[in-house]
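Please read the structure below before turning to the comments.
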Amino acid sequence: MAATAEPAFDPDARWRLHPQVSVRPEPFGALLYHFGTRKLSFLKNRTIVDIVKSLDEHPDARSACRAAGVDDEKCEPYLHALGVLARSNMLIAGEDT
């Protein structure tokens with residue numbers, strides 16, 4: 001039996017928060033709660049919170065990282081975190097505008 005492959009996170013694509021996800025600011029960063037899946041995710045610093053909240057304002061995830069002040073050489077941990085959020089359905093592909 002073949003496993004169904006989930007779409008890969010593409011940092012050069014447009015992403016946004018799933019419409020059923022709520023962001024609750026916390027001293028350590030934020031909590032994300034998905035009302036559809038009832039999953040909870042923790043964002044452990046303000047930079048990743050800023051990136052996640054601004055994704056729909058940028059043409060791709062890398063641009064959102066740059067806008068949050070993260071240099072290209074240092075963005076890999078943030079892109080990894082965004083990939084984890086995409087695989088857990090907290091983020092979805094955004095429409096091109």
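All residue numbers in this chain count up from 1 along the given sequence.
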Query raised in the report: Knowing that exactly one of Leu40, Val23, Val21 qualifies, which makes a side-chain contact (heavy atoms from CB on, under 4.5 Å) with Tyr33?
Result: Leu40

**Report entry** Leu17 vs Asp56, side-chain contact (heavy atoms from CB on, under 4.5 Å): CA-CA, chis, key distance, verdict
**Finding:** CA-CA 8 Å; Leu17 276 171; Asp56 64 344; over 6 Å; no

Report summary line: Interatomic distance, CD1@Ile51 vs NE2@His58, rounded to 0.5 Å, equals 9.0 Å

Query raised in the report: Are Leu31 and Leu85 joined in one hydrophobic group, where the rule is that I, L, V, M, F, W and Y side chains link up if heavy atoms are under 4.5 Å apart?
Result: no

Requested in this report: Check Leu55 against Ala61 and note the closest heavy-atom contact, atom names and distance.
Outcome: CD2-CA, 4.1 Å

**Report entry** For the student: nearest non-hydrogen atoms of Cys65 and Tyr78, plus distance
**Finding:** SG-CB, 4.0 Å

Query raised in the report: So how far is it from Met90 CE to Leu82 CG, rounded to the nearest 0.5 Å?
Result: 13.0 Å

Report summary line: Closest heavy-atom pair, Phe9 versus Gly83, reported as atoms and distance to 0.1 Å, is CG-CA, 3.6 Å

Query - From NE2 (His80) to CD (Glu76), nearest 0.5 Å - result: 8.5 Å

Query - OG-NE2 distance between Ser88 and His18, expressed to the nearest 0.5 angstrom - result: 10.5 Å

Report summary line: For Gln20 and Gly36 the tightest heavy-atom approach is OE1-CA, 3.6 Å

Query raised in the report: Would a 4.5 Å heavy-atom cut-off, applied to side chains only, mark Ser22 and Leu32 as touching?
Result: no

Query raised in the report: Any side-chain donor paired with an acceptor under 3.5 Å for Thr47 and Asp50?
Result: no

Requested in this report: Could you tell me whether a side-chain N or O of Asp60 sits under 3.5 Å from a main-chain N or O of Ser63, the two making a donor and an acceptor?
Outcome: yes

Report summary line: In this structure, NZ of Lys39 is separated from OG of Ser41 (nearest 0.5 Å) by 8.0 Å

Query - Minimum-distance pair of heavy atoms, taken over all atoms of Arg46 and Glu26 - result: NH1-O, 4.5 Å

Report task. Identify the heavy atoms of Asn89 and Ile92 that sit nearest to each other, and give their distance. Result -> OD1-CG2, 3.7 Å

Requested in this report: Evaluate the side-chain contact (heavy atoms from CB on, under 4.5 Å) criterion for residues Asp12 and Arg62: first the C-alpha distance (whole Å), next the side-chain angles of each, then the deciding distance (0.1 Å), finally the verdict.
Outcome: CA-CA 6 Å; Asp12 298 312; Arg62 289 184 199 278; 2.7 Å; yes

